[in-house]
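The structure appears below as structure tokens.
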Protein chains: 2
Amino acid sequence: MLRHRLYITRALCQFMACKLSTGLFRNILKTKHPTGDMWYTRSCLQSILAVTMAPRPFSSSQPRDYSLPNTSWSSEMLRLYEHYNIMCEVETERGDKIKGQWTRLPSYNRFLKYAPGGQYLSKLLLAKARLFTRNIEEQGAGFEYVVFENKQEKTCVCVFQAGHLLEGPPGHVHGGAIATIIDSVTGTHATCHSGPAMTANLTINYRSPIPLGSVVLVHSSLDKIEGRKIFISCQVTSSDGSKLHTEATALFIRLFETTY
Amino acid sequence: MLRHRLYITRALCQFMACKLSTGLFRNILKTKHPTGDMWYTRSCLQSILAVTMAPRPFSSSQPRDYSLPNTSWSSEMLRLYEHYNIMCEVETERGDKIKGQWTRLPSYNRFLKYAPGGQYLSKLLLAKARLFTRNIEEQGAGFEYVVFENKQEKTCVCVFQAGHLLEGPPGHVHGGAIATIIDSVTGTHATCHSGPAMTANLTINYRSPIPLGSVVLVHSSLDKIEGRKIFISCQVTSSDGSKLHTEATALFIRLFETTY
């Protein structure tokens with residue numbers, strides 16, 4: 001019996017913006033889970049194919065890019081956004097504008113509809129599905145964040161403003177919400193660097209609570225790659241970097257042989 | 001400079017139902033973080049006191065208990081709920097009904113308003129704050145779950161139905177949402193066993209994806225206690241237990257000397 005064991009990272013959303021050639025799929029192999037005896041089987045690969053070979057997302061109309069500023073963003077959030085955004089484009093001596101070291105990564109709130117005939121969901125459920133980190137319509141209530149990538153330094157930085165619906169301990173962000181933003185940022189980083197990847201392990205040390213409503217930085221750093229394994233470390237700090245809130249390591253498994 | 005380093009677990013919500021005597025607070029000590037050099041300082045303790053000594057939650061009106069069945073629950077979710085709920089009360093030979101081995105733990109969607117004058121939040125934000133796992137009003141769209149505790153066996157079981165707003169990989173639950181339910185269930189378990197505790201570490205191995213809309217079981221098992229450290233292991237399995245989706249370990253730090 002075929003069993004569905006694929007874990008495509010949420011970061012695949014970002015990857016949808018990239019061009020995929022069908023030739024890549026020749027390199028798909030069965031891959032052993034690094035920490036156990038699980039295998040990603042044919043049905044999993046069919047699932048990937050269904051997603052990655054579907055029409056480009058949002059081709060007919062322009063969807064909302066959630067990584068752009070909105071009125072809920074605090075002055076600190078805007079300041080940090082500008083700090084990194086200004087480095088996405090630099091001016092040469094001749095006055096030309098060229099791409100800088102940093103790139104802002106767009107972010108949308110859905111993905112599933114581009115996997116035709118979703119294997120597990122009814123059409124109704126499929127139509128209503130939303131990315132977990134972008135599932136709240138009210139601006140500023142949930143996860144407000146933007147991710148910037150620096151390919152040269154193999155790092156990503158996420159500016160994250162935690163809304164009032166992310167409460168855990170009184171007045172602070174829920175440990176699960178912190179795990180969620182860490183998974184999202186490191187998953188995005190792994191996918192941008194190596195193509196579609198799956199989360200295999202998250203190890204999180206909670207050092208200091210994050211006040212609800214505050215703005216923090218999520219730093220993602222690519223440590224090493226061993227075969228298909230991508231090792232990433234992550235720190236969540238206060239916006240000025242003086243306080244360490246959370247430390248984490250993440251292990252992702254690349255789904256394809258080819259690196260992009 | 002006093003720094004706010006307390007991490008009270010989300011499970012404190014459950015603990016609010018228990019009676020606290022002020023004498024307990026005499027036992028509060030500065031506690032070193034088990035994995036680093038962080039300390040929980042006086043300001044943290046003030047924060048706990050503000051919360052735990054506040055009026056009993058929901059004393060004036062009966063709030064919604066989110067752990068009770070609603071129309072969005074699937075037949076599988078209801079079946080599993082009944083399976084454990086029926087064991088919460090047993091009939092003696094004489095026909096009397098007495099408490100069984102299992103206890104259903106109630107669950108609410110707010111907590112913060114009982115921490116007077118929230119240190120970090122404006123009153124508006126404070127009034128709007130909601131527990132992360134209960135922040136979606138639409139029934140069935142987010143986290144639908146109920147936790148049962150077995151004090152004798154030192155275990156908890158959570159029946160969890162993942163709604164369509166928890167999407168991560170196409171058609172599957174987001175890794176962060178899985179981390180969230182694990183943090184919530186193990187945190188509830190730690191708090192029910194030992195009183196208020198904080199999450200210090202979560203280590204999660206993702207083995208097999210969880211289809212969106214499906215019902216799974218989250219098993220929490222108390223492994224050992226060393227001083228104030230509470231070690232819990234956790235497995236997320238399919239509803240019939242045949243498939244392992246996720247494995248995790250969690251470390252919590254008890255905030256008070258006394259065990260309840």
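All values below come from the heavy atoms of this structure, side chains included, with hydrogens, waters and symmetry mates left out. Each chain gets a letter, A, B and so on, in the order its sequence line appears, and its residues count up from 1.
In this view, A:Ser214 satisfies the side chain to side chain donor-acceptor pair (under 3.5 Å) rule with no residue, not counting sequence neighbours.
For the residue pair B:Trp73 / B:Glu144, a side-chain donor-acceptor distance below 3.5 Å is found, with atom types taken as modelled. If you check the side chains of B:His219 and B:Thr237, you find a donor sitting under 3.5 Å from an acceptor.
Looking at A:Ile182, neither its backbone nor its side chain comes within 4.5 Å of chain B, counting heavy atoms on both sides. For B:Glu138, the part lying near chain A is the side chain, with the backbone staying farther off; criterion is any non-hydrogen pair under 4.5 Å.
Contact count against chain B (heavy-atom pairs under 4.5 Å) is highest for A:Leu165 among A:Asn135, A:Thr203, A:Leu166, A:Leu165.
Ring planes of A:Phe160 and A:Tyr145: perpendicular class, angle over 60° (limits at 30 and 60°).
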